[in-house]
Structure formats: C-alpha cells, structure tokens
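All heavy atoms count here, side chains included; hydrogens, waters and symmetry mates do not. Along the sequence shown, residues are numbered consecutively beginning with 1.
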Amino acid sequence: SMDTSATDPTPLVCSHGFSGSWRHWVPIVPTLEQHHDVHVARLAGHARGPALPAGTEITVIALADQLERDLDHAGIGQAHLVGNSLGGWLALELAARGRALSVTALAPALGWQARGPHLRKLALKLKATHAACTRIAPYAEFALKPPRLRRTLFHKGMVHGERLTVIEAAAFVRDTLRCTIYDELMHSFLNTEHQLADIDCPVQIAWSQ
C-alpha cells in the first residue's frame with residue numbers, strides 16, 4: 001500500500017477554558033478541518049466531559065492527566081495543541097510532556113504572578129459570572145433575547161456576544177453550570193504555584209487587547 005503519511009491531515013486538539021465547553025470551538029471547526037484532523041476536547045468535570053477517577057484531587061494536573069488518557073483512547077499521540085485560558089495551560093502542560101507538535105495558547109491561564117491582589121480580583125470575577133449564570137439559566141431563552149444583554153454578559157470572552165443566537169447563548173450559560181468541579185478547581189489554580197517543564201516544540205501565545 002502507498003504511504004500517505006505525508007498527505008494525511010495532522011491531528012489538532014482544541015481545549016476550552018475553565019467552566020466552558022466543547023461548544024466554544026464549534027464556529028471555527030469547519031475552517032480548521034480544511035487543514036487538520038480536528039479533535040475537540042471535553043475536559044474532565046466540565047459539560048459532557050468525563051469524570052475524574054474516584055478519589056482524585058481536583059487540580060489542573062489531574063485534568064491534564066485525564067486529557068492525556070482521552071488522547072490515548074482516541075489514538076492521538078502527538079498533535080498540534082490549541083487552547084484558550086485553562087485550555088491554553090493544558091496545551092502547554094501536555095507540550096511539556098512531549099505530546100505537542102506545536103502549541104497555540106490563547107490568553108492561557110498560568111500567565112499571572114503566583115501571588116497578589118490580581119488573584120482575588122480574578123476569583124471575584126469568576127464567582128460573579130457563575131452567580132449571573134445561575135440566575136439566568138432557568139429562563140435563559142427569554143432573558144437573553146436582547147442582543148445588548150448578550151453582548152454585555154459575554155463581553156469578557158468575546159467581542160460580539162450579540163452574534164450568538166439566543167439558543168447558543170442559553171447553552172453557553174447552562175454549560176457553565178455543568179462544571180461539577182467549579183469551586184475546587186478554581187481554588188486549586190488560584191492557590192497553587194505551578195511551573196512547567198521545558199517545551200521543545202514551537203509555541204505561540206496570543207493575548208487580546
């Protein structure tokens with residue numbers, strides 16, 4: 001048989017952010033699939049993601065361990081890794097483990113000083129977002145009808161939140177509440193100092209203005 005490895009699309013793994021879901025990548029998957037074999041990760045403890053093994057301490061490293069197991073199960077050895085926020089951190093962590101052909105980290109978590117008032121500010125923002133989603137979720141299809149409200153609610157994560165349909169916005173809100181490890185994971189990444197091992201593949205880090 002002919003060796004087609006040179007022409008087969010390389011795997012690309014997309015990882016979403018803290019309390020997010022696979023839905024975040026849906027708008028760009030068709031474009032990415034023109035060039036890669038795309039795998040959209042479903043992070044442990046998040047919407048439609050696997051549960052962590054019983055007794056596992058809930059940390060970002062535990063999520064990285066589970067993501068590695070998921071890639072193994074999918075037959076993915078090395079891949080181009082793309083991640084946003086928590087997903088960016090996971091992409092860098094997996095790269096340090098030798099699993100990456102390249103990394104594109106979009107505003108990755110871990111990109112902060114290990115101590116300081118900025119962490120308290122981040123915790124307040126995350127708690128406020130969770131509280132807002134909790135209030136809106138029961139009647140999200142009605143509450144999110146005004147485009148201006150969709151833009152305001154999602155402005156920290158997207159420039160044009162009003163471009164989400166009401167159905168998409170409602171799913172976005174409810175997926176946040178499907179993160180079953182919200183408090184424990186937030187406490188872990190805000191209160192633990194982490195350091196990556198060396199990475200020997202190309203890395204691109206992007207921050208919005």
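Side chain of R174 to main chain of A137: a donor-acceptor pair is present (N/O by atom type, distance under 3.5 Å, no hydrogens or angles). Between the T134 side chain and the H130 main chain, a donor and an acceptor come within less than 3.5 Å of each other. Between the side chain of Y182 and the main chain of L126, a donor-acceptor pair closer than 3.5 Å is present. The closest donor-acceptor contact from the side chain of H46 to the backbone of A44 lies under 3.5 Å. Between the side chain of T56 and the backbone N or O of L52, no donor-acceptor pair lies under 3.5 Å. Side chain of R150 to backbone of E162: a donor-acceptor contact under 3.5 angstrom is found.
Atom NE2 of H187 has 12 or fewer heavy atoms from other residues, nucleotides or ligands within 6.0 Å. Other residues, nucleotides and ligands contribute over 12 non-hydrogen atoms within 6.0 Å of the CD atom of E141. More than 12 heavy atoms of other residues, nucleotides or ligands lie within 6.0 Å of NE2 in H118, so this atom counts as buried by the packing criterion.
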Throw together a table of side-chain donor-acceptor distances under 3.5 angstrom for residues 9-24, partners on residues two or more places apart or in other chains.
unit_1	atom_1	unit_2	atom_2	d
T10	OG1	H36	ND1	3.0
H16	NE2	L43	N	3.4
S21	OG	R23	N	3.1
S21	OG	D175	OD2	2.6
R23	NE	D175	OD2	2.6

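Considering all non-hydrogen atoms of both residues, A51 and Q66 come closest at O-OE1, 4.2 Å. The two residues R42 and P50 come nearest to each other via the heavy atoms O-CD, 3.2 Å. Between C201 and A95, the closest heavy-atom pair is SG-CB, 4.2 Å. Between I136 and A143, the closest heavy-atom pair is CG2-CB, 4.2 Å. When all heavy atoms of W25 and G83 are compared, the closest pair comes out as CZ2-CA, 4.2 Å. Smallest separation of non-hydrogen atoms from A74 and H39: CB-CE1, 4.2 Å.
Residue pairs that meet the salt bridge (Lys or Arg N to Asp or Glu O under 4.0 Å) test with at least one member in residues 89-101, sequence neighbours left out, are D65-R97, E68-R97, E68-R99, D72-R99, E93-R97.
Side-chain contact check for F154 versus V173: some heavy-atom pair is nearer than 4.5 Å. Two residues are said to be in side-chain contact when any heavy atoms from C-beta on lie closer than 4.5 Å; V38 and V40 meet this criterion.
Linking Ile, Leu, Val, Met, Phe, Trp and Tyr whenever their side-chain heavy atoms come within less than 4.5 Å leaves F142 and L164 in two separate clusters. Residues F172 and I167 do not share a hydrophobic cluster, defined by chaining ILVMFWY side chains whose heavy atoms lie under 4.5 Å apart. Cluster annotation: V103 is connected to L196 through the hydrophobic network of ILVMFWY side chains, with a link wherever side-chain heavy atoms come within less than 4.5 Å. Hydrophobic clustering (ILVMFWY, side-chain heavy atoms < 4.5 Å, transitive): L177 and V166 are in distinct clusters. In the hydrophobic cluster analysis, where Ile, Leu, Val, Met, Phe, Trp and Tyr join through side-chain heavy atoms closer than 4.5 angstrom, L32 is grouped together with L106.
Remark: L119 CG to L124 CG distance equals 11.0 Å, nearest 0.5 Å. With rounding to the nearest 0.5 angstrom, the CD1 atom of I61 is 14.5 Å from the CD1 atom of I58. Between M158 atom CE and R151 atom CZ the span is 11.5 Å, to the nearest 0.5 Å. In this structure, L71 CG and H73 NE2 are separated by 11.5 Å, a value rounded to the nearest 0.5 Å.
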* **side-chain contact (heavy atoms from CB on, under 4.5 Å) between L185 and L86, worked out** => CA-CA 10 Å; L185 185 59; L86 170 62; 4.0 Å; yes

* **Verdict with reasoning, M186 to K127, per side-chain contact (heavy atoms from CB on, under 4.5 Å)** => CA-CA 9 Å; M186 179 175 68; K127 289 175 181 177; 3.6 Å; yes

* Asked: Would T104 and L81 satisfy side-chain contact (heavy atoms from CB on, under 4.5 Å), going step by step from the backbone distance to the final call?
  -> CA-CA 6 Å; T104 301; L81 304 180; over 6 Å; no

* Could you go step by step and tell me if L190 and S188 meet the side-chain contact (heavy atoms from CB on, under 4.5 Å) rule? -> CA-CA 6 Å; L190 291 178; S188 172; over 6 Å; no

